[in-house]
Amino acid sequence: MVIGALSDRLGRGVESMGAAVSETFFEPVIRLGVTGLSRAGKTVFITSLVANLLDRGRMPGLQAASAGRIEAAFLQPQPDDTVPRFDYETHLAAMTGRDPHWPDSTRAVSELRLSLRVRPKGLLAGLSGPRTVHIDIVDYPGEWLLDLALMDQSYAAWSADTLSRAETRPQARDFRARATRTDASARLDESTAQALSRSFADYLTTAREQGFSDCTPGRFLLPGEMEGSPVLTFAPLPPGDAPRGSLRREMARRYEAYKARVVKPFFRDHFARIDRQVVLVDALGAIHSGPMAVEDMRRAMAGILGVFRPGRNSFLSAIIGKRVEKILFAATKADHLHHTQHPRLTAIMEALLRDARDRADFAGAETRAMAIAALRATVEESRPHNGASLDLVRGKLLDSGKQAAFHPGELPETPGQLLDPARRGETRWLDGDYEVMRFAPAEVTLKPGEGPPHIRLDRAAEFLLGDKLS
Ligand SMILES: Nc1nc2c(ncn2[C@@H]2O[C@H](COP(=O)(O)OP(=O)(O)OP(=O)(O)O)[C@@H](O)[C@H]2O)c(=O)[nH]1
Ligand SMILES: [Mg+2]
């Protein structure tokens, strides 16, 4: 373990030295991490961000763009040969082609390099010519971040923790019964191991669908190419004897293998090198699901923010060379709301972020909360209603394909009106319901020089990248 940590640190040191040299003498590289739980909007965000950086007509909030200092933008081969390329062209064609539709769900890490040729600002402009800034965008599932908690836990401690959490969750009933009746000190039988692990994975999946977010290990929800392999065929077990060759001994071994072969490589190869991070949150979806989902989202945000404070975790502090400098928490899909409600959504995100900072005892990176839509699928309209005017959004409904105008319900004036009942453990909103419609992407004809329509994507880009483009 000590040797592992040491060699990790050495590898990292050499690498960051390489990065520092290229930064000073050659061309700066920004590694921008994009994450969020599944369906949060990662793929749409990256696709629209890249398209709007290539064609900057809709990016007035990005100062380098509005000042005309970005002379060129182009996609380049990425530096990491073994990471799949983010399939930008396919996703963009889905979103903006004829018969536009949302891109398919993605399940693994992917990467894309976008390079900008930028003229420096002010005095420097006369002294040096334009320089090239590389932005390496890395897309990874937020579920994987929550696995960090496993790194400091033994199998016994993790089992105790996981089983006690499962105790109060009805979704775990079958798994609990199976784990209790299994004699784990008996000799390993592979079909028993598989049945236990499948039942554990089923419980995690159902819990996740019903709004719980702490459903680690993350790869049980998104197994990818590791499905069925021994590192994903384990489950927590009550304490007891673990003689050589027993089920319990083998489960502990596989748990350790999961940490060593799955969790550790992710943090070392992808996470440890990130400079800037955006965490996308489907806040409107959680609000629609009710107070329990909102409370869960609040806890998940603290958990995710805690990962960016590596001092707390010995494994992570050993491999991280430099700190993440900026973290943006963005509520996605703000085009479901009329713009008059956007400040309220932003206020909710800000309250959640403040809470997460307090809980994670977080200091260091600059943080910001925002409400955005990476691809605007609606237009706004107002209609007279009971003598007043009602603010609506109109779009093409995903399920029926019909155009409809719709009022999702008013978000409360102060975030506490949502967050307090959530914290008190209420099961439904007392004063109002928040609907979420699923809209299809709108048909757009993009003028030359314009990217896809969005809401505040330029502000998000300015926060994440602006200082590196001046
Ligand atoms: N109206 C609207 N809907 C959005 C927007 N972004 C994402 N969505 C919706 O959210 C869904 C998920 O978006 P993705 O970008 O695929 O989310 P993801 O985080 O990549 O999801 P996974 O790959 O499954 O983890 C889309 O299919 C859309 O229905 C947006 O800006 N506006
Ligand atoms: Mg995706």
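Whatever order the structure lists them in is the order used to number ligands and atoms, beginning at 1. Only heavy atoms go into these numbers, but all of them, side chains included; no hydrogens, no water, no symmetry mates.
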Using a 4.0 Å heavy-atom cut-off, which part of [X] comes near ligand 1: side chain, backbone, both, or neither?
| X | answer |
| --- | --- |
| R438 | side chain |
| D335 | side chain |
| W102 | side chain |

Consider ring-ring contact (aromatic ring centres under 6.0 Å, His included). Of Y203, F234, W144, Y255, which one does F220 pass it with? F234
For [atom], find the nearest protein heavy atom and state the residue, atom name and distance (0.1 Å precision).
| atom | result |
| --- | --- |
| atom 21 (O) of ligand 1 | R39 N, 3.1 Å |
| atom 17 (O) of ligand 1 | G41 N, 3.0 Å |
| atom 24 (O) of ligand 1 | S105 OG, 2.4 Å |
| atom 25 (O) of ligand 1 | K42 NZ, 2.9 Å |
| atom 15 (O) of ligand 1 | V44 N, 2.8 Å |
| atom 9 (C) of ligand 1 | K333 CE, 3.6 Å |

Atoms of ligand 1, numbered as shown, that sit under 4.0 Å from any heavy atom of [X]:
| X | result |
| --- | --- |
| A374 | 31 (O) |
| S38 | 25 (O) |
| A373 | 31 (O) |

Side-chain ion pair, [X] and [Y], N-O less than 4.0 Å:
| X | Y | value |
| --- | --- | --- |
| E462 | R368 | no |
| R39 | D282 | no |
| D80 | R273 | yes |
| R113 | D136 | yes |
| R344 | E410 | yes |
| D358 | R354 | no |

Assess [X] for proximity to ligand 1: is some non-hydrogen atom of it under 4.0 Å away?
| X | result |
| --- | --- |
| A40 | yes |
| G36 | no |
| R376 | no |

Quick check: does T106 have an N/O/S atom under 2.8 Å of the Mg ion (ligand 2)? yes
Does any N, O or S atom in S105 come within less than 2.8 Å of the Mg ion (ligand 2)? no
Under 3.5 Å, is there a donor on one side chain and an acceptor on the other for S197 and Q194? no
Nearest neighbour of atom 23 (O) of ligand 1 from the list L280, T106, L375, on a heavy-atom basis: T106
Using the six-membered ring wherever Trp is involved, compare the ring planes of [X] and [Y] and label them parallel, tilted or perpendicular (cut-offs 30° and 60°).
| X | Y | answer |
| --- | --- | --- |
| F271 | Y140 | perpendicular |
| F200 | F175 | tilted |
| H342 | H339 | perpendicular |

Quick one: does NZ or CZ of K326 land under 6.0 Å from the six-membered ring centre of F463, within 45 degrees of the ring axis? yes
Output yes when the distance from some N or O of ligand 1 to some N or O of T43 is under 3.5 Å, and no in every other case. yes
